[in-house]
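Atoms within a ligand are numbered from 1 in the order they appear, just like the ligands themselves.
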Amino acid sequence: MVEARSARQQAIVIIGAGLAAATAALALRENGHLGAITIVGDEEHPPYERPPLSKDFLMGKSAFDRAVVAPVSWYLEHDVLLLKGCTVETLDIDENTVHLVGGEVISYDKAILATGARPRVLDIPGAESARTLRRLEDSKGLRNAFASSSSMIVIGGGWIGLEATAAAREVGVDVTVLEAGPRPLQRALGDEMAGYFAELHRSHGVALRTSTDVASIDGTGPYEVRVGNEVFKADLVLMGVGAVPNTQLAKQAGLAVDDGVVVDEHFATSDPDVLAIGDVARAHNTALGTSVRVEHWDNAIRQGKAVAKVLLGQDVAYDWQPYFYTDQYDLGMEYVGYSEPSNDVVVRGDTSSGEFIAFWLDGPKLTAGMNVNVWDVNDDIRALLGHSVDRDRLIDPDVPLSAVAYGASYSLP
Ligand SMILES: Cc1cc2nc3c(=O)[nH]c(=O)nc-3n(C[C@H](O)[C@H](O)[C@H](O)COP(=O)(O)OP(=O)(O)OC[C@H]3O[C@@H](n4cnc5c(N)ncnc54)[C@H](O)[C@@H]3O)c2cc1C
């Protein structure tokens, strides 16, 4: 009789070769996993981090090498088979196999879906002529195009659209942002802080148009973007209207999908041998008491590390409050927590100084905080999340953050 393999010896296939996938592989080896690890990714590069693609790399200030999660030598030295430029076509959860385009079949004891997300594209005439920004090639292409362009239209005032806007302004390209909502980032930050970002961009010469409904894109460069009776013209068009999780494999395999692959707090899908992490996963977060799909860098890392421990039999649950950062012009910010649009916003410091902390509150309870050009406070804000706080003390810069919770009896992690 063949004995079942121990957790440490199991064959693991990771589908997708992004940040979540690579972090999981690193963490598996660091935590003593001995079995086979195969990563299958459809890009031609080793796993890399995407944030520089809309920031330093896009401006030509950093090289790709700095974005890779681990050098290629790491995969060789740690006996991790990295299959680049290979697409997984199907996942067979009855046979525990993944099937690659080209016919190769890989068996697994456990599979991790880390297929990330792809740019959402508006269903309008000419949409295919707009650029999107997700992969290294997209960023390289846009960077090269900046050199011979004087103007860009950005459709969508979300994080990626605004970061690309800032990068374009830094290299002297005029930008018009066409945002569907009344303010950019409205859904993420609410009226007041979204207004702050709107002013930031306007003060850098960006033509920001809000409540716009883009109807079509014409031309092959220069382009004409139609909004109602108005036509906006530019050398480049970038579409940044959000991302769609790559759930095709999960759906076809019959796994539960609901705007993301549905997983429990241990990243298990509806099939116990398949787990999902990163942008593609809608995971139950025990700290929030709800399921969330988080499209952030830190989430890919945290879930990559956590899933490795889960696979090695450790009792680890997804309880990490979401964290996000952005860099735009000379603004650097970190956001931690999970707020609802109905939450109140209060500010410690003066927004006009460009250095402040915004807090989101549900009644007396702190749900999120955002430090703008104020550093080394994010852990303090994290420690306050979920606690009832004294608003007057919260916004008083002379009161340490560690002393604003009612009955403060917590310690920093
Ligand atoms: C331009 C840009 C800037 C960003 N900036 C920030 C930032 O400032 N701060 C922040 O917190 N977050 C930022 N993010 C978000 C962050 O990069 C993502 O949350 C993170 O990349 C998610 O990692 P992932 O591994 O889950 O998915 P991905 O990075 O998307 O990796 C998934 C990989 O799987 C591959 N794949 C999909 N299907 C298959 C298949 N069938 N077979 C083989 N391979 C497949 C995909 O091609 C991709 O290579 C940014 C994202 C982008 C695009």
Side-chain angles (χ1 to χ4, degrees), residues 13-26 38-58 67-69 82-91 98-102 104 106 111-120 131-140 142-143 158-167 188 238-240 242-253 260-261 267 276-283 293-304 307 322-328 331-336:
V13 174
I14 308 177
I15 307 172
L19 178 58
T23 305
L26 263 86
T38 307
I39 306 179
V40 189
D42 58 6
E43 295 189 66
E44 298 291 343
H45 315 284
Y48 59 93
E49 302 194 357
R50 298 185 196 275
L53 302 185
S54 51
K55 307 181 187 67
D56 282 12
F57 184 84
L58 183 56
V68 296
V69 184
L82 174 61
L83 299 177
K84 294 182 286 175
C86 293
T87 304
V88 174
E89 194 167 36
T90 51
L91 166 67
V98 297
H99 298 245
L100 310 193
V101 169
E104 198 177 334
I106 307 171
I112 305 174
L113 278 165
T115 46
R118 62 186 182 280
R120 191 164 84 84
R131 292 168 184 269
T132 53
L133 188 49
R134 181 85 199 174
R135 293 183 164 199
L136 176 64
E137 291 73 17
D138 302 331
S139 182
K140 268 187 188 165
L142 189 56
R143 187 172 82 176
W159 296 113
I160 290 176
L162 293 186
E163 288 175 356
T165 295
L238 175 68
M239 198 178 283
V244 183
N246 288 322
T247 53
Q248 305 93 315
L249 288 174
K251 269 189 193 153
Q252 157 268 320
V261 181
F267 311 104
I277 55 170
D279 280 14
V280 78
R282 171 170 294 282
R293 191 173 71 78
V294 179
E295 291 177 354
H296 296 331
W297 168 88
D298 175 69
N299 181 68
I301 296 174
R302 298 280 166 184
Q303 293 194 345
V307 81
Y323 166 95
F324 173 76
Y325 74 91
T326 187
D327 296 315
Q328 299 175 31
L331 173 147
M333 97 48 165
E334 297 176 291
Y335 176 104
V336 63

Original post:
Are any of the N/O atoms in Lys55 less than 3.5 Å from those in ligand 1?
Top reply: yes
Original post:
If you measure from atom 4 (C) of ligand 1 to every heavy atom of Gly304, Gly116, Pro51, Ala24, which option wins on shortest distance?
Top reply: Pro51
Original post:
Does an N or O from His296, backbone or side chain, lie closer than 3.5 Å to an N or O of ligand 1?
Top reply: yes
Original post:
Is the closest heavy-atom distance from Arg135 to ligand 1 below 4.0 Å?
Top reply: yes
Original post:
What's the shortest heavy-atom distance between Glu43 and Leu136, and which atoms?
Top reply: OE1-N, 4.5 Å
**OP:** Provide the number and element of each atom of ligand 1 under 4.0 Å from a heavy atom of Gly41.
**Re:** 43 (C), 44 (N)
Original post:
Closer than 4.0 angstrom: is that true for some heavy atom of Glu89 and an atom of ligand 1?
Top reply: no
**OP:** Provide, to 0.1 Å, the distance between atom 44 (N) of ligand 1 and the closest protein heavy atom, together with that atom's residue and name.
**Re:** Asp42 N, 3.1 Å
Subject >> Atoms in ligand 1 flagged as close to Gly18, the criterion being non-hydrogen separation under 4.0 Å >> reply: 25 (O), 31 (O), 33 (C)
Subject >> Side chain, backbone, both or neither: Ser139 near ligand 1, heavy atoms under 4.0 Å >> reply: neither
Original post:
For ligand 1, which atoms, with element, lie under 4.0 Å from some heavy atom of Ala300?
Top reply: 22 (C), 23 (O)
Original post:
What side chain to side chain donor-acceptor pair (under 3.5 Å) pairs are there with at least one residue in residues 82-91, not counting sequence neighbours?
Top reply: none
**OP:** Under 4.0 Å from a heavy atom of Glu163: give me the atoms of ligand 1 that qualify, with their elements.
**Re:** 5 (N), 8 (O)
Subject >> Atoms in ligand 1 with a heavy atom of Ala17 nearer than 4.0 Å >> reply: 33 (C), 34 (O)
Original post:
Is the Phe324 ring parallel, tilted or perpendicular to the His296 ring (thresholds 30°, 60°)?
Top reply: tilted
